[in-house]
S.K.: 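This is the structure I want to talk about, given as structure tokens.
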Amino acid sequence: MPRKKREPEYVLHIFFGKNEETREDVIVFLIQTTKVFLYFNYQILFDGKIKGNTIELNIRGLRTPPVTLPALGPATGRFEIPRVWGIFTLVVKKLKRDVNEFRLEITDSRITVLDSPPKSFLLIQTNQPT
């Protein structure tokens with residue numbers, strides 16, 4: 001009996017943007033669950049750091065929003081880094097257990113995924129969600 005293919009749990013949108021407070025150019029990492037929640041718009045506890053040519057992102061779990069009004073949608077989290085250029089290793093850790101590693105090329109005009117793991121809990125899209 002063939003094994004069921006592992007579906008991604010998250011979609012990570014990577015795109016160019018501006019920091020809302022400083023108006024500086026940044027690269028935005030916007031993560032969303034593939035699961036839609038019926039009662040709350042949960043927040044993904046999500047942080048990261050950049051060191052040399054490695055960008056590390058950590059998914060630490062979900063939490064309910066401070067205002068608990070009913071809402072339908074995926075859980076979301078956002079992290080920004082200053083605008084950088086070059087080839088980077090993107091390491092995404094989920095609850096410090098599962099790790100996915102990607103290779104990205106970031107130029108003035110686009111972000112390209114050069115390499116991704118064959119079995120990933122994460123799907124990367126290099127566009128801003130609509």
S.K.: CD1 of Ile44 to CG of Leu30: how many Å apart, nearest 0.5 Å?
M.R.: 8.5 Å

S.K.: Salt bridge check: are Glu56 and Lys93 linked by an N-O gap of less than 4.0 Å?
M.R.: yes

S.K.: Please report the interatomic distance CD1(Ile55) to CZ(Phe29), rounded to the nearest 0.5 Å.
M.R.: 4.0 Å

S.K.: Return yes if some donor-acceptor pair links the side-chain N/O of Thr112 with the main-chain N/O of Leu114 below 3.5 Å, else return no.
M.R.: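 Side chain of Thr112 to backbone of Leu114, a donor-acceptor pair under 3.5 Å: no, none is there.
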
S.K.: Can any side-chain N or O of Asn100 pair as donor or acceptor with the backbone N or O of Phe121 at less than 3.5 Å?
M.R.: yes

S.K.: Between the side chains of Arg78 and Glu80, is the shortest nitrogen-to-carboxylate-oxygen separation below 4.0 Å, so that they form an ion pair?
M.R.: yes

S.K.: Is it the case that the side chain of Asn53 and the backbone of Ile87 share a donor-acceptor pair, with hydrogens and angles ignored and the cut-off at 3.5 Å?
M.R.: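 Between the backbone of Ile87 and the side chain of Asn53 there is a qualifying donor-acceptor contact (under 3.5 Å).
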
S.K.: Check whether any side-chain heavy atom of Leu57 sits under 4.5 Å from a side-chain heavy atom of Val91, and report yes or no.
M.R.: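 A side-chain contact is absent here, since even the closest heavy-atom pair is not under 4.5 Å.
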
S.K.: If we ignore hydrogens and angles and just use 3.5 Å, is the side chain of Asn19 paired with the main-chain N or O of Glu21 as donor and acceptor?
M.R.: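 Yes, Asn19 side chain to Glu21 backbone: donor-acceptor pair under 3.5 Å.
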
S.K.: Are Phe46 and Val28 connected, step by step, through hydrophobic side chains (Ile, Leu, Val, Met, Phe, Trp, Tyr) whose heavy atoms are closer than 4.5 Å?
M.R.: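 The answer is no; the residues belong to distinct hydrophobic clusters.
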
S.K.: Would you kindly say whether Arg103 and Thr89 are connected by a side-chain donor-acceptor distance under 3.5 Å?
M.R.: yes

S.K.: If two hydrophobic side chains count as joined below 4.5 Å and joins carry through other members, does Leu95 share a cluster with Ile59?
M.R.: no

S.K.: For the backbone of Asn127 and the side chain of His13, can you confirm whether one donor and one acceptor N or O come within less than 3.5 Å of each other?
M.R.: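 Yes: the side chain of His13 pairs with the backbone of Asn127.
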
S.K.: With side chains defined as the heavy atoms from C-beta onward, is the minimum distance between Ile124 and Phe102 less than 4.5 Å?
M.R.: yes

S.K.: Please check if Ile111 and Ile31 belong to a single hydrophobic cluster, counting links between Ile, Leu, Val, Met, Phe, Trp and Tyr side chain heavy atoms closer than 4.5 Å.
M.R.: yes

S.K.: Look up atom NZ in Lys35 and atom CD in Glu7, then write down how far apart they are to the nearest 0.5 Å.
M.R.: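 Spacing of NZ (Lys35) from CD (Glu7) equals 15.0 Å.
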
S.K.: Would Lys94 and Glu9 pass as an ion pair if we require N to O under 4.0 Å?
M.R.: yes

S.K.: Answer yes or no: is there a side-chain heavy-atom contact under 4.5 Å between Leu104 and Ile14?
M.R.: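 Yes, close enough: below the 4.5 Å cut-off.
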
S.K.: Indicate yes or no: at least one non-hydrogen side-chain atom of Thr34 is less than 4.5 angstrom from one of Tyr10.
M.R.: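 Not touching, per the 4.5 Å side-chain cut-off.
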
S.K.: Taking all non-hydrogen atoms of both residues into account, name the closest pair between Arg23 and Lys18 and its distance.
M.R.: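 Looking at all heavy atoms of both residues, the closest pair is O-CD, 3.5 Å.
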
